[in-house]
Q: 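Take this structure first; my questions come after.
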Amino acid sequence: MLAQRTVLFNSSGTAAARTAAKAAATNGKEIIDLTAGEIWTDLASSVREGAIAAINRNVNRYTDTLGMMELRHALARRISAETAQPWSADEIAVTSGAKQALFNAAMVILNPGDEVLIPAPYWTTFPAQIIIAGGTPIFIGTRQSNYVPTLTDLVKAVTSRTKAIVVNTPNNPTGAIYDREALAGVAQLAMDRDLWIIFDECYGAFAHAPHTHHPIVSVAPRARDRTLIVNSFSKSLALTGWRIGYLAGPKAVIGAVKALQSHTTSNPNVIAQHALLHYLECGGPAYQLQLQRQVANARELGLSILSTLTSVPQPTAQGGFYFYLDLSELQRHAKTHGREFSADDVVKKLLMDAGVATISGTAFGDPAGVRLSYGINLKLLDKALRRLTATLNELTF
Ligand code: PLP
């Protein structure tokens, strides 16, 4: 009854983890949820004011498919400042979150059978969208290189069918940040082999010192005409529910995206557009600084608790707001004693024994990792990580 393409995708593994956590909670257990890809906080006042003012002005009509021109100009100014290069409004498409920007990108650059390199662990939506668009994801392991792919591994994976490479920095789920050298290597490879770079910097606002986030086009300006920048305000302004993001890239790509988006969603929500425009024009840096401080405090608290882990290395958590635990050593050790366990088993145990919901690395193409979000309030985070650490330190598989 359903179309054949429905076998190409499932709902995301992260959503499944949240469902399992909810089910455990309905059985009367206190569950602390570390699965969410979002930050618990209040709205920026300028976002709220921009939205309310738009509603009070009776704003209600379609906008241009790619977003209001004033908003695209404001975004162009922002991207110009971030990349130290001039950008214009016709190089920007405003989208319903970064998800739509990524989907648009896949749909307008991929032909059936085109291969796309994806460093693993990866955010699950990358391969799902590439498959839906007819492409083939090719995964590159990164565990041995601190979750950033080596140039050697990337070069080895390129074939005559390779069309693009996904760079997600800071990375979901690992928190890894690509340094300038890694970015320059990717850019050079893309230029040498005529590849697109899909550059997802949704977590770029959260780089933890001494690490810094670099837009790839600021490191390698010559790669700009083959780079598609994907970003949104879901993480940087804690606006997950407002569904507002953008794709920035060559005019020809943005033109094709306009045609595609005109047949799918049309413009992103008009009130969210006005709210964002007001933030960009009047918001100032205070809200984002406060959010960055909140995330940095949570990270510091979390790392100090996780430093008591005895069987799992402390995560580095260079960027974003996730701790990514590496169980591979523990798994190897168990195997030498004739026992086997997966990250899914550990996630189940953490849910049942510690009352802490986490996401198994299998959702990110990695059977040896566990992702913990630290975007929740400090008191709950403290409680969750103490319980989680105690359970992990007693693990006997
Ligand atoms: N890119 C990455 C790496 C993400 O982790 C997410 C959301 O979790 C997105 C894109 C999607 O963001 P949005 O909510 O803006 O669609």
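Just follow the structure's listing: the first ligand is 1, and inside any ligand the first atom is 1. Please read all numbers here as calculations on a predicted model, not as lab measurements.
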Q: Please identify which atoms of ligand 1 are closer than 4.0 Å to at least one heavy atom of Cys202.
A: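 Taking each heavy atom of Cys202 in turn, ligand 1 has 1 (N), 10 (C) under 4.0 Å.
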Q: Looking only at distances, can you tell me whether any N or O atom of Ser232, backbone or side chain, sits closer than 3.5 Å to an N or O atom of ligand 1?
A: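 Such a contact does occur with ligand 1.
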Q: Can you list the ligand 1 atoms lying under 4.0 Å from a non-hydrogen atom of Gly97?
A: 15 (O), 16 (O)
Q: Assess the pair Tyr322 and Tyr203: is the distance between their ring centroids shorter than 6.0 Å?
A: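 They qualify: ring centres under 6.0 Å apart.
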Q: Give the single entry among Glu201, Lys235, Arg243 that approaches atom 7 (C) of ligand 1 most closely by any heavy atom.
A: Lys235
Q: Give yes if a backbone or side-chain nitrogen or oxygen of Ser234 is under 3.5 Å from a nitrogen or oxygen of ligand 1, and no if not.
A: yes
Q: Looking at Asn168, which atoms of ligand 1 are within less than 4.0 Å of one of its heavy atoms?
A: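 Listed by number with element, the hits are 3 (C).
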Q: Check each of Thr358, Leu34, Leu395 against Leu350 using the side-chain contact (heavy atoms from CB on, under 4.5 Å) test, and report the only one that passes.
A: Thr358
Q: Ring centres under 6.0 Å, that's the criterion: do Phe139 and Tyr122 meet it?
A: yes
Q: Taking the inter-plane angle between the rings of Tyr324 and Phe364 on a 0 to 90° scale, is it parallel (under 30°), tilted (30 to 60°) or perpendicular (over 60°)?
A: perpendicular
Q: Would you mind checking which non-hydrogen protein atom is closest to atom 12 (O) of ligand 1, with the distance to 0.1 Å?
A: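 That would be Ala98 CB, 3.7 Å.
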Q: For His274 together with His278, are the ring centres under 6.0 Å from each other?
A: no
Q: Do me a favour and list the nearest non-hydrogen protein atom to atom 2 (C) of ligand 1 with residue, atom name and distance?
A: Asp200 OD2, 3.4 Å
Q: Among all protein non-hydrogen atoms, which one is nearest to atom 11 (C) of ligand 1, and what is the separation to 0.1 Å?
A: Trp123 CH2, 3.5 Å
Q: Same hydrophobic cluster for Trp123 and Ile216, using side-chain heavy-atom links shorter than 4.5 Å among ILVMFWY?
A: no
Q: Between Tyr203 and ligand 1, which residue portion shows a heavy-atom distance shorter than 4.0 Å: side chain, backbone, both, or neither?
A: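 Side chain only; the backbone of Tyr203 stays clear of ligand 1.
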Q: Going by an N to O cut-off under 4.0 Å, is there a salt bridge joining Arg226 and Asp194?
A: yes
